[in-house]
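Scope of the values below: all heavy atoms of this structure, side chains included, with no hydrogens, waters or symmetry mates. To find a chain, count down the sequence lines: A is the first, B the second, and so on, and within it residues start at 1.
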Amino acid sequence: MPKYKAPRGTYDVVPENAHHWRFVEDTFAELATSYGYGEIRTPVFEETDLFVRSSGDTSEVVTKQMYTFEDKGGRSMTLKPEATAPAIRACLEHSLIGQQSQVARVWYKTPIFRYERPQKGRCRQAHQVGMELVGSTAPAADAEVIEMTVRFYQALGIKDLKVLLNSIGRDATRAAYRDAIMSHVQGWLKDQDDEFRVKAEKNPLRLLDTKDPDLLAVLSDAPIITDYLEDASKSHIDEVLRLLGAAGIEFEYEPRIVRGLDYYTDTVFEVQGMNLGAQSALCGGGRYDGLVEALGGPATPAVGAAMGIERALIALEEEGALPEAAGIDMFIVAAGDGASEQAAALARELRDAGLSCSLDIDGRSRKAQMKLASRSGATWTAIICDEEVSANEVTLLNVETGEQNRVARAEVLARLKS
RNA sequence: GCGGUUGUAGCUCAGUUGGUUAGAGCGCCUGGUUGUGGUCCAGGAGGUCGCGGGUUCAAAUCCCGUCUUCCGCCCCA
């Protein structure tokens, strides 16, 4: 009916739902703060090259999904399709990292933009929270980030999930494994259409997370990347697994997990929800020891993760774990001569004292106002009608208990606080 | 980007083989009854049937296009 609608793949968050978002965002902010992470905010757009460099110029995101435009100065800009590269860029720019042995821990909350075919849990403007731990090669860094993601979902109340973990090693491992996997699928690949051929050519590892049953069958006895790991990678992931075990984190080692962005090295992981349909990934992350250098900084190790807010909300809804909206403290019902002035004065007094309250401003009937009070979810209803005005009193109704008292106007605040 | 699906009041949906002023429930507003939400009673507002074109004497209903939704693929958070 309205002429204008939110663009395809976008949506509005209205007051009815906004507290769900606040819940997820606040939960993450508190968690990250408790781990000593500081918040970082970066622009919604960056130079296009930043993302091409970081995500890889053959990645799906870069080749097909970016919102790229030329600004009036002729520069190519892109709405951020992911949050890690901008965060690292900002850390470098402000010298939060780059000094020797310097470790930075940052968290963020941001929209991301990808031109995709919308589906449930997949929007063109999506939102993520996430963190980056930059400057450490220690397996404890990987473990810390993974532990944080798990505790995040625990804190939200999402129970139905699993943590999938893998190591994809470094360049040498991937080169060797790429050859191994290609020769394994070669026979099958010959009879396939271009879709698989192109994919295999660009990045054979991506064949691993296919849903195609034929390919899955072919892959069932394929070599696994774990057998190609170099000693350093092997001992690194072993230690990560040991630390997670010691922290009581449940996970599955899954050699078929790979990531879509090219910058990952060694540890990669994913948290999957159970009820999300095709968009099962709640969270993705891993180690990216080459990214800082690729963005022009000194060689600096790093590990991080990003969690989709929309998907967390879907998971919460599926599990019936969305929080109730908090009501205001008081609704003031006023009817009769001088009542509305009294009500306005009382409202000011309450607000000065840090309490929230609302009232009717359109002169509705007492019944209508009582209805508004009920719907507002207020803990208290104050009634100021003729009798109360002349006696300089207020009737206080505790909505939960049904208890009701007339108290002197001056005592209202004290009564609420007791 | 590919295949499919959806679209009628704020919400959930009816609307028969094309046929007069497009309906219901819930919600919303007003009044009445209980000093005061709830209940009950009476009344009311709100839709160019996603949008555009076509066929027809006549289109929510048939055809074409387009947008949107959701599902699968793809991709990923």
Stacked cation flag A:Arg114 on A:Tyr67, 6.0 angstrom / 45 deg: no
Mind checking the [atom1] distance from [N] to [M]? Whole angstroms is fine.
{"N": "B:G31", "M": "B:U17", "atom1": "P", "answer": "46 Å"}
{"N": "B:C73", "M": "B:G10", "atom1": "C1'", "answer": "36 Å"}
{"N": "B:U20", "M": "B:G3", "atom1": "P", "answer": "38 Å"}
{"N": "B:G23", "M": "B:G46", "atom1": "C1'", "answer": "14 Å"}
{"N": "B:G32", "M": "B:A24", "atom1": "P", "answer": "26 Å"}
{"N": "B:G1", "M": "B:C62", "atom1": "P", "answer": "28 Å"}
{"N": "B:C57", "M": "B:G52", "atom1": "C1'", "answer": "23 Å"}
{"N": "B:A59", "M": "B:G15", "atom1": "C1'", "answer": "14 Å"}

[N]: pairing nucleotide in any strand, Watson-Crick or G-U under 3.5 angstrom:
{"N": "B:G47", "value": "none"}
{"N": "B:A59", "value": "none"}
{"N": "B:C26", "value": "B:G10"}

Mind checking if [X] touches a base, just sugar-phosphate, or nothing, with heavy atoms under 4.0 Å?
{"X": "A:Ala306", "result": "sugar-phosphate"}
{"X": "A:Gly130", "result": "nothing"}
{"X": "A:Arg122", "result": "base"}
{"X": "A:Glu270", "result": "nothing"}
{"X": "A:Gly9", "result": "sugar-phosphate"}
{"X": "A:Arg364", "result": "sugar-phosphate"}
{"X": "A:Val399", "result": "base"}

Interatomic spacing from CD1 in A:Ile168 to CD1 in A:Ile257 - rounded to 0.5 Å: 11.0 Å
Gap between atom CD1 of A:Ile158 and atom CG of A:Leu316 - 0.5 Å precision: 4.0 Å
Side-chain H-bond candidate by donor/acceptor type, A:Asp329 with A:Ser356, under 3.5 Å: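 Side-chain D/A pair, A:Asp329 to A:Ser356: present.
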For [X] and [N], is the shortest distance between a side-chain N/O and OP1 or OP2 below 4.0 Å?
{"X": "A:Thr381", "N": "B:G37", "result": "no"}
{"X": "A:Lys211", "N": "B:G72", "result": "no"}
{"X": "A:Arg366", "N": "B:G31", "result": "no"}
{"X": "A:Arg206", "N": "B:C74", "result": "no"}

Criterion side chain to side chain donor-acceptor pair (under 3.5 Å) against A:Arg287, the qualifying member of A:Thr267, A:Asp142, A:Asp266, A:Thr137: A:Asp142
A:Lys80 with A:Glu82: basic N within carboxylate O range, under 4.0 Å: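 A salt bridge is absent here (no side-chain N lies under 4.0 Å from a carboxylate O).
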May I have the distance from [X] (atom [atom1]) to [N] (atom [atom2]), rounded to whole angstrom?
{"X": "A:Tyr115", "N": "B:C76", "atom1": "OH", "atom2": "C1'", "result": "17 Å"}
{"X": "A:Met370", "N": "B:G38", "atom1": "CE", "atom2": "C1'", "result": "10 Å"}
{"X": "A:Arg124", "N": "B:C75", "atom1": "CZ", "atom2": "C1'", "result": "13 Å"}
{"X": "A:Ile257", "N": "B:C76", "atom1": "CD1", "atom2": "C1'", "result": "12 Å"}
{"X": "A:Glu16", "N": "B:C28", "atom1": "CD", "atom2": "P", "result": "13 Å"}
{"X": "A:Lys5", "N": "B:C67", "atom1": "NZ", "atom2": "P", "result": "11 Å"}
{"X": "A:Tyr11", "N": "B:U68", "atom1": "OH", "atom2": "P", "result": "17 Å"}
{"X": "A:Leu396", "N": "B:G37", "atom1": "CG", "atom2": "P", "result": "18 Å"}

Confirm from the modelled atom types if [X] and [N] form a donor-acceptor pair under 3.5 Å, side chain to base only.
{"X": "A:Gln369", "N": "B:G37", "value": "no"}
{"X": "A:Lys367", "N": "B:U30", "value": "no"}
{"X": "A:Arg311", "N": "B:C76", "value": "yes"}
{"X": "A:Gln272", "N": "B:A77", "value": "no"}
{"X": "A:Arg117", "N": "B:G3", "value": "yes"}

Residue mapping more 5' on RNA chain B - nearest nucleotide basis, A:Ile112 or A:Leu372: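 Comparing both residues, the 5'-ward one is A:Leu372.
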5'-most by nearest nucleotide on RNA chain B - A:Val271 or A:Ala6: A:Ala6
Sub-4.5 Å side-chain heavy-atom contact between A:Tyr37 and A:Glu144: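 Sidechains of A:Glu144 and A:Tyr37: in contact.
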Side chain of A:Gln119 - closest among B:U69, B:C71, B:G35: B:C71
Under 3.5 Å: donor-acceptor pair, side chain of A:Asn405, backbone of A:Val407: no
